[in-house]
Each structure stands twice: as C-alpha cells, then as structure tokens.
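A short worksheet on the structure shown next.
Labels below follow one simple rule: chain letters A, B, ... track the order of the sequence lines, proteins then strands, and each chain is numbered from 1.
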Protein chains: 2
Amino acid sequence: MGASKTDSFTEGQQAIASIAKALGHPARVAIVEYLLKVDGCICNDIVDKLPLSQATISQHLRALKDAGLIKGSIEGNAICYCVEGKTVKRLQSYIAGISAKLTAKGTECC
Amino acid sequence: MGASKTDSFTEGQQAIASIAKALGHPARVAIVEYLLKVDGCICNDIVDKLPLSQATISQHLRALKDAGLIKGSIEGNAICYCVEGKTVKRLQSYIAGISAKLTAKGTECC
DNA sequence: TCGTAATATCGCAATATTACGATCACCATA
DNA sequence: TATGGTGATCGTAATATTGCGATATTACGA
C-alpha cells in the first residue's frame with residue numbers, strides 16, 4: 001500500500017488539488033510566468049530560458065496542459081502555448097473564497 | 001539523476017510552488033476546507049472525517065504547516081489548528097496577478 | 001503515579017515525480 | 001524526396017510522496 005487514495009474525496013477537492021499540483025513545481029511556475037511575459041505566447045524558446053532539457057520541459061508542459069492551465073495550438077511546424085484563463089480564474093475564485101471565509105471569521109483563532 | 005532541480009529558480013517561484021504543492025493533494029484541500037468550516041478551528045476530529053489513518057493525517061497537517069498554510073497551537077492536551085490568512089493572501093494575490101496580466105493581454109492568443 | 005486521549009514520529013512498502021538521453025513523428029522548404 | 005527544426009515519447013535512474021501500523025510523546029484527570 002501507499003498509493004494516492006485520491007478517490008474518496010469530492011470532485012471539487014480533486015479538481016482544485018490537480019490545478020494546485022500543476023503549480024506545485026518551480027519549473028512550472030516559471031513556465032507559466034514566461035508564457036505570460038512573452039507577448040506572442042511563443043513556443044519552445046522556453047528550452048533556452050530554463051536550465052532543463054527539452055524532454056523535461058515537454059513533460060512539464062504536458063502536466064500543465066493536463067491540469068488545464070495551458071493550451072497549445074499548432075502553428076506551422078511549431079506549437080504556440082498559452083495560459084488558459086478559465087482555469088486560472090477557477091483557482092483564483094477558490095482561493096478568494098477561502099480568503100473571504102477567513103476574513104468573515106474575524107480573528108484568527110490560534 | 002532525477003531529483004528535483006529546485007534550485008535554479010527564483011525565490012518567488014519556489015515560494016509559490018511550495019504553497020501550491022501543499023494544496024496539491026485532495027486530502028489537504030479537504031483538511032483546509034474542514035478547518036474553515038469548523039468554527040472553533042478544532043483539532044483532530046479530522047481523523048473521523050476523512051478516510052485516512054491518524055498517522056497519515058498528521059503527515060498532511062505537517063505538510064500544510066511546513067508550507068505555512070496552517071498553524072497550530074497547543075490547547076490543553078489537544079492541538080488547535082487553523083488556516084493562516086497571510087499565506088492564503090500571498091497565493092491569492094499571486095494568482096490575481098496572473099489573472100490580471102491575462103485580461104490585460106486581451107484575447108487569448110491560441 | 002497510572003491510565004488514557006491526542007499527536008507526532010519511525011520504518012516500511014507501494015507508487016509517483018523529476019530528469020535526461022535517445023529516439024520517433026511531423027511539417028516546412030530546399 | 002532529403003533535410004532540418006520542433007516537439008512528443010520511451011526507457012531508465014534517482015528521489016519524493018502517500019499511506020499505514022507500531023511506537024513514542026505529551027498532557028490531563030483519577
């Protein structure tokens with residue numbers, strides 16, 4: 001035993017967890033930041049920007065895509081990736097919800 | 001090789017990644033939600049609420065505490081955990097920043 | 001001080017992640 | 001049809017996570 005007991009939690013909890021997990025590695029945070037900075041949402045210049053191999057970056061891109069945080073469309077013989085606003089907003093409103101409940105509560109208890 | 005190449009990224013990226021990673025498991029999302037729901041921020045009723053052993057929950061609590069997402073104070077012979085607003089707000093404003101940059105950009109490119 | 005409830009930690013097994021080199025597949029264009 | 005650039009995938013090694021039972025540890029009350 002020891003595998004992720006992922007079922008036995010709600011859909012919502014799993015959905016948030018999987019988005020958060022995708023952002024749970026500095027390389028992927030860096031990739032998202034890069035995609036935001038580059039205005040054209042260009043593709044694999046990323047390989048030159050990060051100290052990781054092409055294979056590894058491709059894996060991270062896949063993780064981000066699986067989580068719905070980015071999407072890519074074929075653009076000639078390259079691929080154009082960009083951040084998917086919908087998913088970002090979903091995470092954003094979830095965190096905002098937590099934050100709101102906290103301030104509604106008033107004092108932090110401990 | 002194969003270990004996390006975590007260095008070679010900025011402090012900020014690592015900080016966000018570690019907070020996000022802490023939320024990257026449904027059990028931990030569930031724990032945070034529970035701590036928000038319970039008004040008194042009570043301790044280990046959690047063991048009864050989740051289908052996980054006490055040892056496992058204690059581990060998840062530690063992960064959340066290490067990430068700064070919760071804090072605990074000793075309360076008699078029990079422990080009172082609660083969500084740490086400061087860290088939630090940090091994540092919140094980071095995600096809001098991404099979201100803002102996206103809408104500033106106008107159309108999603110791909 | 002003894003017993004008991006609440007937590008933390010240790011040690012282990014199962015599984016997942018991270019990273020890379022080596023290919024493979026695809027498309028454009030020479 | 002070759003050739004080169006772009007990206008995905010495979011195989012593999014190193015490491016991390018997840019989960020649990022067993023065992024501390026700590027604090028309270030009898």
Inset, instruction - Mark yes or no for a side-chain to base donor-acceptor pair under 3.5 Å between B/Gln54 and C/dA6, with no hydrogen or angle criteria applied. - result: no
Legend entry - Nucleotide paired to D/dG29 in any strand shown, Watson-Crick or G-U, under 3.5 Å: C/dC2
Legend entry - Mate of D/dT15 where both pairing distances stay under 3.5 Å, Watson-Crick or G-U: C/dA16
Inset, instruction - Using the six-membered ring wherever Trp is involved, compare the ring planes of A/His25 and B/Phe9 and label them parallel, tilted or perpendicular (cut-offs 30° and 60°). - result: perpendicular
Legend entry - Per B/Leu52 side chain, nearest of listed nucleotides D/dC20, D/dG7, D/dA8: D/dC20
Inset, instruction - Could you say whether A/Thr56 or B/Gly76 is positioned toward the 5' end of DNA chain D, judged by the nucleotide with the nearest heavy atom to each? - result: A/Thr56
Legend entry - Residue pair A/Gly85 / B/Leu102: nearest heavy atoms and the distance that separates them: CA-CD1, 3.6 Å
Legend entry - Touch class at under 4.0 angstrom, heavy-atom based, for A/Ala78 against every strand present: sugar-phosphate
Inset, instruction - Using only side-chain N and O atoms of A/Ser53, determine if any of them is under 4.0 Å from OP1 or OP2 of C/dC20. - result: yes
Legend entry - Atom NZ of A/Lys89: over 12 foreign heavy atoms under 6.0 Å: yes
Inset, instruction - Select one nucleotide: of C/dA19, C/dT7, D/dG5, the one nearest the side-chain heavy atoms of A/Asn77. - result: D/dG5
Legend entry - Nucleotide of C/dA8, D/dG5, D/dG21 approaching B/Leu61 most closely (side-chain heavy atoms): C/dA8
Inset, instruction - Look at the side chain of A/Gln59 against the base of D/dA8 and say whether a donor-acceptor pair falls under 3.5 Å; ignore hydrogens and angles. - result: no
Inset, instruction - Tell me whether the OP1 or OP2 atom of D/dG19 has a side-chain N or O from B/His25 closer than 4.0 Å. - result: yes
Inset, instruction - Compare side-chain N and O positions of B/Lys21 against OP1 and OP2 of D/dT17 and report whether any pair is under 4.0 Å apart. - result: yes
Inset, instruction - Look at the side chain of B/Arg62 and decide which nucleotide, out of D/dA16, C/dT9, C/dT7, has an atom nearest to it. - result: C/dT9
